[in-house]
Amino acid sequence: MEYMNTLPHPDAEQALGLMIHAAQMQERKGGAQAIAGRLDALARKISREALNGVEAAALLSEEADRFAHQAREID
């Protein structure tokens, strides 16, 4: 059986690394946009319903719990 060199070419390895990095950055961007949208919605709700500080803090705490739960599911 003939031995074949299975090591990737350095240029291909670099291109793959760039593609992975670009995908990671897109994922981070999407996540940040989703969080920004959610925080904006919460701010509008707090204003619209004229929530007091305690109510607003409880709402933000619930949202933090939601994000923490989401993060645990990823691991």
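Side chains included, hydrogens not; waters and symmetry mates left out as well; all remaining heavy atoms used.
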Point to revise | Nearest-0.5 Å distance that lies between atom CG in Asp65 and atom CG in Leu60 | key: 11.0 Å
Review point. Taking side chain as C-beta onward, heavy atoms only, is Ile35 less than 4.5 Å from Arg38?
Key: no
Point to revise | Under 3.5 Å donor-acceptor, Ser61 side chain and Ala57 backbone | key: no
Point to revise | Between CD on residue Gln14 and CE on residue Met19, distance to nearest 0.5 Å | key: 13.0 Å
Review point. Taking the side chain from Glu73 and the backbone from Gln70, do they hold a donor-acceptor pair closer than 3.5 Å?
Key: no
**Study point:** CE/Met25: more than 12 non-hydrogen atoms of other groups inside 6.0 Å
**Key:** yes
Check your understanding: Looking at CG of Asn52 and CD1 of Ile46, how far apart are the two atoms once the value is rounded to the nearest 0.5 Å?
Key -> 10.5 Å
Check your understanding: Roughly how far apart are Lys45 NZ and Asp40 CG, rounded to 0.5 Å?
Key -> 14.0 Å
Practice item. Taking atom CZ of Arg48 as the centre, report whether more than 12 heavy atoms of other residues, nucleotides or ligands fall under 6.0 Å from it. Key: yes
Check your understanding: Counting heavy atoms not belonging to Glu55, are there more than 12 under 6.0 Å from its CD?
Key -> yes
